[in-house]
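Quick caveat, the model's predicted, so the values are computed rather than measured.
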Amino acid sequence: MNRKNAVLHYVISICTVLFSLGLQVMGIVYLRTGLYSDSETAFLLSYALIVVVLLYLYFICHLVNKIGIKEKTRSITFTRMANSLARDYDGIYYIDTDDDSYVEYGIKDDDDETLKLVSCGKDFYADVEKNIKESVCEEDKQKMLKLLSKDNIEDAMNNNDVLHEYFRIFVDGEEKYHNLKVIKGHGSEQKYIVVGVRDVDAQKRRELEIVSAAEEGITFGKIAQALASGYEVLYYVNLETDEFYEYCASEEYSKLDIGARGTDFFETSRRNMERGDIYPEDLPMMVAAMERESFINSMQTRGFLSLTYRLMLNDLPEYVNLRAVFPKNDDKHVVIGVININEAMQREREYKQQIDNVMNLANRDALTGVKNKNAYNNLEAELNKQITNESKPEFAIAICDVNNLKQVNDTRGHKAGDAYIREACMMVCRVFKHSPVYRVGGDEFVVVMRGDDYDNRNALLTELRTQVEINKEEGGIVLACGLSTYNKHKDISVAEVFERADYEMYKNKKLLKNIEE
């Protein structure tokens with residue numbers, strides 16, 4: 001029973017006594033004074049008093065029973081929590097955040113693994129500080145004092161974090177590794193902090209032995225450490241005899257039938273690759289890389305070898321990475337690890353696709369679907385770089401400007417104007433079908449011609465202007481166009497070519513207007 005419920009019990013008891021005394025005094029007063037002397041009135045009064053007493057007693061019993069149920073439920077909740085944690089922890093502390101008091105549960109009997117009440121205290125933080133100073137190894141004291149300080153625990157619980165740490169304590173004069181976990185209570189137990197302590201000495205020492213063996217260059221230590229790092233299969237190869245051991249961490253890779261031990265690693269690998277273990281497109285590269293002399297030369301030159309290829313697993317190609325390294329202070333053997341990176345490659349492809357999509361949207365004109373001014377600026381920078389590096393690229397620029405757009409917008413509306421721009425763009429794209437088209441202004445397009453379109457640039461310009469003449473007669477799209485070719489002996493930037501093409505476009509535009517007039 002907690003402090004509030006105890007006070008409530010005392011108040012109920014005192015009220016009951018006072019109420020009973022009050023009824024007795026009232027009865028004596030009534031009888032002595034003779035206020036109700038006739039028998040009928042006295043009977044009614046007695047009956048009423050009995051009813052009042054019974055109702056009061058019912059209320060008291062109901063209240064006491066409710067308190068008892070609540071206490072029992074709380075007790076059941078704590079017991080259930082403690083027992084459920086008994087399989088994972090040797091000791092559990094429940095800390096009441098209202099006053100820092102705590103209850104400790106632990107295992108008292110080796111034959112009974114159920115946690116039982118061990119002790120309780122008024123100040124968890126003061127007691128745990130004392131215990132740390134007395135029992136925890138010197139190297140871990142400051143770490144644990146900081147971890148289990150009141151401020152640190154409260155900050156972590158307010159952020160719904162979980163605290164987790166390994167530390168060593170002295171048990172019967174020997175250091176023993178323990179694990180500590182601090183979590184916040186849930187639901188109705190939110191005001192409680194739960195601290196679990198577990199003896200992990202045997203497990204921790206095994207892990208340290210593996211790491212220590214690996215650091216000392218022991219083969220099996222290296223294998224265990226590498227497997228723990230996520231390798232699917234490992235080979236330990238003697239470069240003098242070509243003998244090898246295989247260590248598989250996955251059933252899928254054990255189906256490759258390389259064998260746990262073999263006499264000729266490189267010959268066995270070649271047979272397995274040619275049998276169909278390697279994806280056909282990657283086979284030539286892998287056969288060349290895993291040829292004995294080539295492999296040893298690569299290792300001696302760089303000290304390691306890394307290859308990414310596709311391996312046939314369950315009849316499907318999956319990306320894997322092969323990495324070969326020398327053991328520490330040993331150039332007579334090599335450890336070869338194969339790790340599955342298929343998911344990572346898939347994520348990388350998806351990420352690249354997302355970037356490409358974003359970049360494509362950033363470089364596309366929303367109205368026409370062709371490239372925009374930002375894309376043109378990027379191409380201009382690339383061409384300028386080639387010109388500066390004296391690569392002397394061959395290219396020509398055509399500038400096309402749509403006529404009568406303002407008139408269409410003013411008389412038929414902007415939707416009609418948008419449709420007019422799209423039709424003009426389609427006409428430019430049909431003529432310069434092998435060149436990128438850029439919308440660099442509201443009614444202006446730029447074409448950068450290379451390759452076949454560059455070789456036929458004058459014929460293409462004539463074709464476009466002929467189509468404009470036909471459209472002008474038929475009331476179709478009219479646009480002016482000018483073209484200029486990069487002169488590697490004179491031009492020092494793309495801007496010079498652009499200006500000449502722009503000048504030619506305005507000449508054509510003026511000619512078209514004069515003809516129209």
Looking only at heavy atoms, which two atoms of [X] and [Y] are closest? And how far apart?
{"X": "V197", "Y": "H178", "result": "CG1-CD2, 4.0 Å"}
{"X": "K141", "Y": "V136", "result": "CE-O, 3.0 Å"}
{"X": "T268", "Y": "D264", "result": "OG1-O, 2.7 Å"}
{"X": "V200", "Y": "N179", "result": "CG2-N, 3.8 Å"}
{"X": "M299", "Y": "V334", "result": "CE-CG2, 3.6 Å"}
{"X": "I92", "Y": "G196", "result": "CD1-CA, 3.9 Å"}

Salt-bridge contact [X]-[Y] (side-chain N to carboxylate O under 4.0 Å):
{"X": "D201", "Y": "R205", "value": "yes"}
{"X": "K371", "Y": "D365", "value": "no"}
{"X": "K385", "Y": "E382", "value": "no"}
{"X": "D100", "Y": "K150", "value": "yes"}
{"X": "E318", "Y": "R310", "value": "no"}

- Are F266 and F295 close enough that their ring centers fall under 6.0 Å? yes

- Message: So that I know where these two stand, are H333 and Y236 an aromatic pair - ring centroids less than 6.0 Å apart?
- Response: yes

Is a donor on one side and an acceptor on the other found under 3.5 Å between the side chain of [X] and the backbone of [Y]?
{"X": "R422", "Y": "T368", "answer": "no"}
{"X": "S135", "Y": "I132", "answer": "no"}
{"X": "N159", "Y": "D155", "answer": "yes"}
{"X": "D96", "Y": "S101", "answer": "no"}

Any donor-acceptor pair under 3.5 Å linking the side-chain atoms of [Y] with those of [X]?
{"X": "S119", "Y": "E104", "result": "yes"}
{"X": "S306", "Y": "N321", "result": "yes"}
{"X": "Y102", "Y": "D127", "result": "yes"}

Does [X] reach the side chain of [Y], with side-chain heavy atoms less than 4.5 Å apart?
{"X": "Y235", "Y": "F265", "answer": "yes"}
{"X": "L148", "Y": "L180", "answer": "yes"}
{"X": "L311", "Y": "P317", "answer": "no"}
{"X": "F124", "Y": "V195", "answer": "yes"}
{"X": "K181", "Y": "V194", "answer": "no"}
{"X": "N238", "Y": "F244", "answer": "no"}
{"X": "M290", "Y": "M273", "answer": "yes"}
{"X": "N340", "Y": "Y319", "answer": "no"}

- Item | Greater than 12 external heavy atoms within 6.0 Å of Q142's CD | no

- Message: Would you say that more than 12 heavy atoms from the other residues, nucleotides or ligands in this model lie under 6.0 Å from the CD of E139, or not?
- Response: yes

- Message: Go through it in stages, so that I can follow the logic: the residues are N152 and L163, the test is side chain to side chain contact (heavy atoms under 4.5 Å, CB included), and I'd like the CA-CA distance, side-chain angles, deciding distance and then a yes or no.
- Response: CA-CA 10 Å; N152 187 59; L163 298 179; 3.9 Å; yes

- Message: For R292 and D242: C-alpha separation, side-chain torsions, deciding distance, then whether side chain to side chain contact (heavy atoms under 4.5 Å, CB included) applies.
- Response: CA-CA 9 Å; R292 188 178 189 279; D242 293 346; 2.9 Å; yes

- Query: What is the distance from atom NZ of K143 to atom SG of C137, rounded to the nearest 0.5 Å?
  - Reply: 10.0 Å

- Task: Start with the C-alpha distance between R439 and L367, add both sets of side-chain angles, then the distance that settles side chain to side chain contact (heavy atoms under 4.5 Å, CB included), and finish with yes or no.
- Result: CA-CA 10 Å; R439 184 186 178 202; L367 178 64; 3.5 Å; yes

- Task: Go through the steps for V370 and Y438 under the test side chain to side chain contact (heavy atoms under 4.5 Å, CB included), then give the verdict.
- Result: CA-CA 6 Å; V370 298; Y438 304 84; over 6 Å; no

